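The structure appears below as structure tokens.
Worth knowing before you read on, the calculation uses all heavy atoms, side chains too, and leaves out hydrogens, waters and symmetry mates. Keep in mind the model is a prediction, meaning the values are calculated, not measured. Chain identifiers are assigned alphabetically (A, B, ...) following the order of the sequence lines, protein sequences preceding nucleic acid strands; residue numbering begins at 1 within each chain.
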Amino acid sequence: MNYWLFKSEPFKFSFDMLKEKGKAGTQWDGVRNYAARNNMKAMQIGDLGFFYHSNEGLNIVGIAEVCALAHHDTTTDDPRWECVDIRAVRDVPTPPTLADIKNNPKLSEMALVRLGRLSVQPVTPEEWKEVCRMGGLNPAP
DNA sequence: GCCAACGTTGGC
DNA sequence: GCCAACGTTGGC
């Protein structure tokens, strides 16, 4: 089991919209970055990921689960681009903000801090536990 | 709205 | 295959 972080602008696709998709979830399409795509190709069914709102909110608002392995992104004809499907698992009770994360020395190596523009990021188990603790999820899922 | 970071493109 | 130019992202 691995941990990840999905970034989205809430006015384009928010965590609430993911929740409305229900158990079937939705394909995480539109990613046109090789590093982000490679992360998705490495995902397994049942992997968990934080759902981060960029531009507005700047916080980790929910937890999502990978429910389909990487497959062709149907929003393009280009065979290079693949994506996984994810579904909402639960809200984070007290969403940690980017500032909170930057202020936590344990999280100074997080991709969210170091590689701000990467839209799909790996999260280490230590970072996962720490962010869950900050978010009011204890023990971590 | 500005600007820094960084990925991509294209000329050589 | 290098590197400058350019475009996009995203925090502030």
>> What residues from residues 48-61 of chain A pass a heavy-atom cutoff of under 4.0 Å to DNA chain C?
In response: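 Here the set is Tyr52(A), Ser54(A), Asn55(A), Leu58(A).
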>> Trp128(A): which residues meet the ring pair (Phe, Tyr, Trp, His ring centres under 6.0 Å) condition with it, sequence neighbours left out?
In response: Tyr3(A), Phe50(A)
Tell me, please, which residues at least two apart from [X] pass salt bridge (charged side-chain N to carboxylate O under 4.0 Å, His left out).
| X | value |
| --- | --- |
| Arg117(A) | none |
| Asp85(A) | none |
| Asp78(A) | Arg80(A) |

> Under a 4.0 Å N-O cut-off, is there an ion pair linking Arg37(A) with Glu82(A)?
Replying inline: no
>> Once ring-ring contact (aromatic ring centres under 6.0 Å, His included) is applied, what residue pairs with a partner in residues 66-103 of chain A remain, sequence neighbours excluded?
In response: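 Applying ring-ring contact (aromatic ring centres under 6.0 Å, His included) to every pair that reaches into residues 66-103 of chain A, excluding sequence neighbours, yields Tyr34(A)-Trp81(A).
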>> Give the residues of residues 72-81 of chain A touching DNA chain B, defined as any heavy atom closer than 4.0 Å, sorted by residue number.
In response: none
>> I want to check one thing: is the phosphate of dC12(C), taken as OP1 and OP2, less than 4.0 Å away from some side-chain N or O of Lys102(A)?
In response: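 Result: yes.
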Please list all pairs meeting salt bridge (charged side-chain N to carboxylate O under 4.0 Å, His left out) that have one or both residues in [range], counting only residues at least two apart or in different chains.
| range | value |
| --- | --- |
| residues 49-65 of chain A | Glu65(A)-Arg87(A) |
| residues 131-141 of chain A | Glu130(A)-Arg133(A) |
| residues 90-100 of chain A | Lys19(A)-Asp91(A) |
| residues 3-14 of chain A | Glu9(A)-Lys12(A) |

> How does protein contact run along nucleotides 2-7 of chain B, one letter per nucleotide 5' to 3', with B for base contact, S for sugar-phosphate only, - for none, heavy atoms under 4.0 Å?
Replying inline: ---BBS
> Between dG11(C) atom P and Asp100(A) atom CG, what is the distance in whole Å?
Replying inline: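 So the two atoms are 14 Å apart, to the nearest Å.
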> In whole Å, what is the span from the CZ atom of Phe11(A) to the C1' atom of dT9(C)?
Replying inline: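 Rounding to the nearest Å, CZ of Phe11(A) and C1' of dT9(C) are 11 Å apart.
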